[in-house]
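First the structure, in the form of structure tokens, and then the observations on it.
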Amino acid sequence: MANERLDPLITRVQIERRVQELAKEINAAVPTEGLILIGILKGSLHFLADLSRQLPPSCEIDFLQVSSYRGHKSSTGVVQIRKDLDISIEGRNVLIVEDIIDTGITLTHVLEFLSTRRPNSVRVVAMLSKCKAKGVDVAIDFVGFEIPDEFVVGYGLDFGERYRGLPDISILRDSVPASS
Ligand code: IMP
Ligand code: MG
């Protein structure tokens, strides 16, 4: 069995600073009073927790769970809604909070799905994006870090449900299997 190796990419201090900056960018660009933050489970958990504490307390929080990865490192292209919203977003201003945009398939489906609920406006903040590295063209309003096209874990991001609790973000590599 191949051993997994973690190569540090973004430290917890860099994350903390960037989240503060993102909150300032969002506050300056969006009417944040009564904004609904929609965290896409499970990867956005840590980011949403940190970001929401930098935004006005009148912001509401809800979650949507979608699945596309199912423990693999590449997208299956099939997006399922596994948990719907609890609150109505009709006529409301919404901020989707995502962990990472890779192919953009998940986000495209989420935007389509939410548009059927007739929100007043929908914006997107993603902690990480591989869009530039991959040449993917999706509309993201706020991005924490543009990263290379590598599989990353930590700060909510998992591989087969592991590594989410790591405070730093690292590249997950397969090291050469030990000969035995
Ligand atoms: P997309 O649909 O290809 O944009 O993928 C979006 C979802 O795939 C993200 O919300 C993550 O849950 C997962 N994902 C994409 N890239 C990574 C990664 O590098 N590490 C962990 N999860 C990832
Ligand atoms: Mg996600």
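Counting starts at 1 for both ligands and their atoms, following the listed order. Keep in mind it's a predicted model, so treat the numbers as computed, not measured.
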Assess, by modelled atom type and distance only, whether the side chains of [X] and [Y] contain a donor and an acceptor separated by less than 3.5 Å.
| X | Y | result |
| --- | --- | --- |
| Asp99 | Tyr155 | no |
| Glu98 | Ser44 | no |
| Asp168 | Thr11 | no |

Under-4.0 Å heavy-atom contact with ligand 1, by part of [X] that carries it:
| X | result |
| --- | --- |
| Ile100 | both |
| Asp158 | backbone |
| Glu98 | side chain |

Would Lys24 and Gln54 count as a side-chain contact (heavy atoms from CB on, under 4.5 Å) here? Give the steps. CA-CA 8 Å; Lys24 280 188 193 145; Gln54 306 280 333; over 6 Å; no
Can you check whether Val152 has an N/O within less than 3.5 Å of an N/O in ligand 1? yes
Have a look at Gly104, Ser129, Gly154, Cys131 and point out the one with the heavy atom closest to atom 4 (O) of ligand 1. Gly104
Salt-bridge present ([X], [Y]; N to O < 4.0 Å):
| X | Y | result |
| --- | --- | --- |
| Lys42 | Asp158 | no |
| Arg162 | Glu4 | yes |
| Asp84 | Arg117 | yes |
| Lys134 | Asp137 | no |

Does [X] come within less than 4.0 Å of ligand 1, judged by its heavy atoms?
| X | result |
| --- | --- |
| Ile40 | no |
| His109 | no |
| Asp99 | yes |
| Lys130 | yes |

Counting from 1, what ligand 1 atoms have a heavy atom of [X] closer than 4.0 Å?
| X | value |
| --- | --- |
| Ile105 | 2 (O), 4 (O) |
| Asp102 | 1 (P), 3 (O), 4 (O), 5 (O), 15 (C), 16 (N) |
| Thr103 | 1 (P), 2 (O), 3 (O), 4 (O) |
| Glu150 | 19 (O) |
| Leu157 | 21 (C), 22 (N) |

As an exercise, state the distance from CD of Glu150 to CG of Asp7, rounded to the nearest 0.5 Å. 8.5 Å
